Amino acid sequence: MNQILMQDFAAVANSNLPFEEYQNKTFLITGATGLVGSLLVKTLLYCNQVKHLNLTVVAAVRNPDKAKHIFQDFADDALKIQQWDLTEGTVAINEPVDFIIHTAAITNSKQMVTDPVGTIQTSVVGTRNVLELARQKKASMVYVSSMEMYGNPNLPHKVTEEDFGYIDLSNVRSCYPESKRMCECLCTAYCEQFGVRVCTARLAQTFGAGILPTENRVFAQFARSAMHGENIVLHTTGQSEGNYVYTSDAMRALLLLLVRGKSGQSYNVVNEENHMTIADMAHMVAQNFGQNATQVVFDIPKDSLKYGYAPATKMHLSAEKIAALGWKAEIDLPESYRRIIEYLKDFE
């Protein structure tokens, strides 16, 4: 088992989470082969072992073989792998379900522009089916949304959960942030109409140890380029302002929201200190981890839409609301990259 990952799991297990409220409970994690979902499953299994919680963790996945590979180091009677295509209706789960964290979504930007209908369907139909299961099981649920649902607020102050920006519906990539808004609306509707206990986590970009070797999002590209002493190539001007949170910090936030989040409410999950433009982050990675060989270069294609790049935004998320529940981010951006690079060395 990778040592950086083990340190991250231990950090969650040794945190101030109310573990007594998780004792003897069943957790359902959707999208359990994705970054956030897989780390939630692994974190829960680790905490179960070291804190003797007597948990059951149900990992809902489309591809059971892929799941078995991802969780091969976590052979545990507490883990149950459940095949479920979220767009095909609710799944039959015989055991009681106490907690649901719904992470499943299409997060590949290129797929968003090549399959916008599928992106919307996965989000909206899938979330409705998960909410139906939460309703049937009387489970407490956290819906994992995204900071992209804010669009481009372009505000002079930190963006709180009450602020909203403009989303251009003529841009095909808007299928992702707009569907996130609709899913949050569905959560509110199920809360009000059916009494489902659900709140929303609006994640900043989340990365850290645990990414799949095939991960190709910008943070992984930056890390690999620095590791190999290669140039970091930007295909945009990099002026979009990024908001970030390290994976173990995000795990603590999601688990806390299950028991402390107010039903019907949304919470930003972000390290407020981890805020800079994409270009500035590229330079930071090159300077700190590039072995004096990595430079930042710009190669901007004429037709950038086909790559699925998000529109440039000016946004600095506020974490004040979730901080009031007792959560605080601990890992800054340089440490995030140090940890992810150390983690990736195991795959070299």
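Scope of the values below: all heavy atoms of this structure, side chains included, with no hydrogens, waters or symmetry mates. Everything numeric here is computed off the predicted structure, so don't read it as measured data.
K328 has no carboxylate O lying under 4.0 Å from a charged side-chain N of E330, or vice versa, which leaves the two without a salt bridge. A salt bridge does not link E342 with R339: every distance from a Lys NZ or Arg NE/NH1/NH2 to an Asp or Glu carboxylate oxygen is 4.0 Å or more. Looking at E20 and K51, no side-chain N of the basic residue comes within less than 4.0 Å of a carboxylate O on the acidic one, giving no salt bridge. Taking the charged nitrogens against the carboxylate oxygens, E148 and R173 do have a contact shorter than 4.0 Å, which makes a salt bridge.
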Trace of the side-chain contact (heavy atoms from CB on, under 4.5 Å) decision for L5 with Y343: CA-CA 7 Å; L5 263 183; Y343 169 79; 3.8 Å; yes
Evaluate F207 against Y244 for side-chain contact (heavy atoms from CB on, under 4.5 Å), listing each step before the verdict. CA-CA 8 Å; F207 70 91; Y244 306 95; 3.7 Å; yes
Trace of the side-chain contact (heavy atoms from CB on, under 4.5 Å) decision for L344 with R224: CA-CA 8 Å; L344 287 172; R224 290 194 185 95; 4.3 Å; yes
After noting the C-alpha distance and the side-chain angles of R338 and E335, does the key distance pass the salt bridge (charged side-chain N to carboxylate O under 4.0 Å, His left out) rule? CA-CA 5 Å; R338 186 193 72 78; E335 178 64 8; 2.8 Å; yes
Evaluate the salt bridge (charged side-chain N to carboxylate O under 4.0 Å, His left out) criterion for residues E272 and K158: first the C-alpha distance (whole Å), next the side-chain angles of each, then the deciding distance (0.1 Å), finally the verdict. CA-CA 9 Å; E272 290 188 9; K158 290 180 181 178; 2.6 Å; yes
Using the side-chain contact (heavy atoms from CB on, under 4.5 Å) rule, take L53 and C47 through it: C-alpha gap first, then chi angles, then the decisive distance, then the call. CA-CA 7 Å; L53 298 175; C47 292; 4.3 Å; yes
Side chains of residues 196-204: which donor-acceptor pairs under 3.5 Å do they make with residues two or more places apart or in other chains?
from	atom 1	to	atom 2	distance (Å)
R197	NH2	K138	O	2.9
R202	NE	E184	OE1	3.2
R202	NE	E184	OE2	3.0
R202	NH1	Y150	OH	2.9
R202	NH1	E161	O	3.0
R202	NH2	E184	OE1	2.7
R202	NH2	S266	OG	3.4

Would you list the atom pairs, donor with acceptor, under 3.5 Å between side chains in residues 32-44 and any protein atom, with sequence neighbours excluded?
from	atom 1	to	atom 2	distance (Å)
S38	OG	G34	O	2.6
S38	OG	L35	O	3.2
T43	OG1	L39	O	2.7

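Taken from CG in D346 to CG in N2, the straight-line distance is 4.5 Å, to the nearest 0.5 Å. Taken from CD1 in I331 to CD1 in I340, the straight-line distance is 12.5 Å, to the nearest 0.5 Å. Once rounded to the nearest 0.5 Å, the distance linking CD of Q23 with CG of N54 reads 7.0 Å. Here R252 contributes atom CZ and I322 contributes atom CD1; the two are 9.0 Å apart, rounded to the nearest 0.5 Å. The structure places CG of N16 at 7.5 Å from CG of L256, a figure rounded to the nearest 0.5 Å. With values rounded to the nearest 0.5 angstrom, L317 atom CG is found 10.5 Å from E241 atom CD.
Put simply, the side chain of N231 never gets that close to the backbone of V233: no donor and acceptor are under 3.5 Å apart. One N or O on the side chain of S179 and one on the backbone of Y176 form a donor-acceptor pair closer than 3.5 Å. With hydrogens and angles ignored, the 3.5 Å screen pairs a side-chain donor or acceptor of W327 with a backbone N or O of D249. A donor-acceptor pair is defined here as one N or O able to donate and one able to accept, closer than 3.5 Å; such a pair exists between the side chain of T277 and the backbone of D280. In this structure a side-chain-to-backbone donor-acceptor pair under 3.5 Å is missing from R62 to D85. A side-chain donor-acceptor contact under 3.5 Å links K137 to the backbone of I93. K180 contributes no side-chain N or O that, together with a main-chain N or O of M147, makes up a donor-acceptor pair within less than 3.5 Å. Between the side chain of D115 and the backbone N or O of Q111 there is no donor-acceptor pair closer than 3.5 Å. The backbone N or O of L55 lies less than 3.5 Å from a partner atom in the side chain of N48, making a donor-acceptor pair. In this structure, the side chain of T122 does not engage the main chain of A105 through any donor-acceptor pair within 3.5 Å.
Inter-residue side-chain proximity for I101 and M141 is flagged as unmet; no heavy-atom pair is nearer than 4.5 Å. Side-chain atoms of T127 and Y143, non-hydrogen and from C-beta on, do get closer than 4.5 Å to each other. Counting heavy atoms from C-beta on, the side chains of V57 and K80 never come closer than 4.5 Å.
Linking Ile, Leu, Val, Met, Phe, Trp and Tyr residues whenever their side-chain heavy atoms come within less than 4.5 Å leaves M251 and I100 in two separate clusters. If you chain together hydrophobic residues whose side chains sit under 4.5 Å apart, F19 and Y46 fall into the same group. Under a hydrophobic-cluster definition in which Ile, Leu, Val, Met, Phe, Trp and Tyr are linked whenever side-chain heavy atoms come within less than 4.5 Å, directly or via other members, F74 and V61 are assigned to the same cluster. I211 and V144 fall within a single hydrophobic cluster, where Ile, Leu, Val, Met, Phe, Trp and Tyr are joined by side-chain heavy atoms under 4.5 Å apart, directly or via other members. No continuous path of ILVMFWY side-chain contacts below 4.5 Å connects Y166 to V172, so the two sit in separate hydrophobic clusters.
Side chains of S174 and N171: no donor on one and acceptor on the other come within 3.5 Å. There is no side-chain donor-acceptor pair under 3.5 Å between T30 and T103. K314 and Q239 form no side-chain donor-acceptor contact under 3.5 Å, judged by distance and modelled atom types alone.
Aromatic rings from F27 and Y22 are positioned such that their centres are separated by under 6.0 Å.
The shortest heavy-atom contact between Y246 and A209 is OH-N, 3.5 Å. When all heavy atoms are compared, the tightest approach of S318 to T160 is CB-CG2, 4.3 Å. When every heavy atom of P116 is checked against every heavy atom of V113, the shortest pair comes out as CD-O, 3.8 Å. The two atoms that bring M112 and C175 nearest to each other are O-SG, 3.3 Å, heavy atoms only. Residues A282 and I232 approach most closely at O-CD1, 3.5 Å, considering heavy atoms. Shown here for L45 and A78, the closest heavy-atom pair between the two residues is CD2-CB, 3.9 Å.
In H69, the NE2 atom is not crowded: 12 or fewer heavy atoms of neighbouring residues, nucleotides or ligands sit closer than 6.0 Å. Atom CG of N24 has more than 12 neighbouring heavy atoms from other residues, nucleotides or ligands inside a 6.0 Å radius. The environment of CD in E320 is sparse: at most 12 heavy-atom neighbours from other residues, nucleotides or ligands sit within 6.0 Å. In this structure, E273 places its CD atom where only 12 or fewer heavy-atom neighbours from other residues, nucleotides or ligands lie under 6.0 Å away.
V218 pairs by the side chain to side chain contact (heavy atoms under 4.5 Å, CB included) definition with Q205, F222, not counting sequence neighbours.
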